[in-house]
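First up is the structure itself, then whatever we jot down about it.
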Amino acid sequence: MRNDIKIKFEEPKYEVNPEKGTVECFLRYEVLYPDFLQSIFFYGEKIYFYAHGVAKVNSGDIFDENIGKKISLAKAEKKAYDKVRKRLIKKWSKVANTLNVVGNFIDKAYNVIDHNDQYLEQWK
């Protein structure tokens, strides 16, 4: 059973264009969550996402496919992590609101129970 959140990337796909001086990286990935989060947030669905990164040779530099692949991969991974981070921030906000609502009710329940216990004491 998972106790962490992980991004699982598939093998990157590249489009190399030496004439334009570009290397594009296309990443398909899924986010792996602990079981309890997967069922709460995403209803057990397996969802794939995509990220795209582009490396462009600067004027005056020499085109290098390997360096372009590394740079475009880094940019695509950055986008993937940013997308998952933003998605989790939205989910976290809902969880925080839920915890506040539940906490407020628990406090209210304790107060009502205590109040009623005190009231019932007078009838003993």
Side-chain angles (χ1 to χ4, degrees):
M1 181 167 101
R2 300 200 73 75
N3 286 323
D4 60 349
I5 299 171
K6 181 178 179 176
I7 296 178
K8 181 180 174 186
F9 292 103
E10 292 183 358
E11 197 64 34
K13 296 186 179 7
Y14 296 98
E15 284 186 14
V16 179
N17 189 329
E19 293 78 34
K20 290 184 178 179
T22 61
V23 178
E24 294 182 76
C25 177
F26 300 91
L27 278 180
R28 181 178 175 197
Y29 62 96
E30 66 177 305
V31 184
L32 306 175
Y33 299 96
D35 291 341
F36 69 95
L37 286 181
Q38 181 70 23
S39 61
I40 293 170
F41 287 168
F42 307 106
Y43 316 108
E45 302 171 19
K46 193 172 198 177
I47 301 171
Y48 288 96
F49 300 95
Y50 298 88
H52 175 245
V54 180
K56 298 178 185 177
V57 70
N58 290 327
S59 63
D61 287 345
I62 298 171
F63 179 78
D64 184 314
E65 180 178 331
N66 291 325
I67 292 173
K69 284 182 177 181
K70 290 176 184 178
I71 291 170
S72 64
L73 175 61
K75 288 181 176 184
E77 285 179 347
K78 176 185 169 185
K79 287 180 182 179
Y81 274 91
D82 191 46
K83 185 175 190 173
V84 173
R85 178 186 60 87
K86 287 177 181 174
R87 189 170 188 204
L88 286 171
I89 286 170
K90 287 181 185 176
K91 297 291 184 181
W92 184 253
S93 172
K94 290 179 183 179
V95 169
N97 289 338
T98 300
L99 292 174
N100 285 334
V101 169
V102 170
N104 289 340
F105 180 81
I106 290 170
D107 290 344
K108 178 181 177 180
Y110 278 128
N111 290 334
V112 169
I113 291 166
D114 288 344
H115 172 77
N116 286 346
D117 282 346
Q118 290 172 10
Y119 176 77
L120 292 172
E121 279 296 316
Q122 71 183 340
W123 300 105
K124 286 188 176 181

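This one's a predicted model, so the numbers in the text were calculated from it and none came from an experiment. Below, each value reflects all heavy atoms present in this structure, side chains not excepted, and no hydrogens, waters or symmetry copies.
- Following chains of ILVMFWY side-chain contacts shorter than 4.5 Å, one cannot reach Tyr29 starting from Phe26, and the two form parts of different hydrophobic clusters.
- Between Pro34 and Asp4, the closest heavy-atom pair is CD-O, 3.2 Å.
- Both Ile47 and Tyr81 are part of a single hydrophobic cluster, where members link through side-chain heavy atoms under 4.5 Å apart.
- Ile89 and Val84 are members of different hydrophobic clusters when ILVMFWY side chains are connected at heavy-atom separations under 4.5 Å.
- The line from CD of Glu10 to CZ of Arg28 is 4.5 Å long, rounded to the nearest 0.5 Å.
- In this structure, the side chains of Ile113 and Asp117 come closer than 4.5 Å at one or more pairs of heavy atoms.
- Here the straight-line distance linking atom CD of Glu15 with atom NZ of Lys69 works out to 12.0 Å at 0.5 Å rounding.
- At a threshold of 4.5 Å between side-chain heavy atoms, the hydrophobic network of Ile, Leu, Val, Met, Phe, Trp and Tyr places Tyr33 and Phe9 in one connected group.
- Scored by the side chain to side chain contact (heavy atoms under 4.5 Å, CB included) test, Leu73 finds Pro12, Tyr14, Cys25, Leu27, Glu77 as partners (sequence neighbours excluded).
- You'll find the side chain of Leu88 reaches within 4.5 Å of the side chain of Ile5, heavy atoms only.
- Atom CG of Asp64 and atom NZ of Lys70 lie 8.5 Å apart (nearest 0.5 Å).
- Phe63 has its side chain out of reach of Thr22: every pair of non-hydrogen atoms, C-beta onward, lies at least 4.5 Å apart.
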Atom pairs and distances, side-chain donor-acceptor, residues 48-62, under 3.5 Å, sequence neighbours left out:
| unit_1 | atom_1 | unit_2 | atom_2 | d |
| --- | --- | --- | --- | --- |
| His52 | NE2 | Glu24 | OE1 | 2.6 |

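- Using a 4.0 Å cut-off between charged side-chain N and carboxylate O, Arg85 and Asp82 make a salt bridge.
- Ring orientation note: the planes of Tyr119 and Trp123 are nearly perpendicular, at an angle over 60° on the 30°/60° scale.
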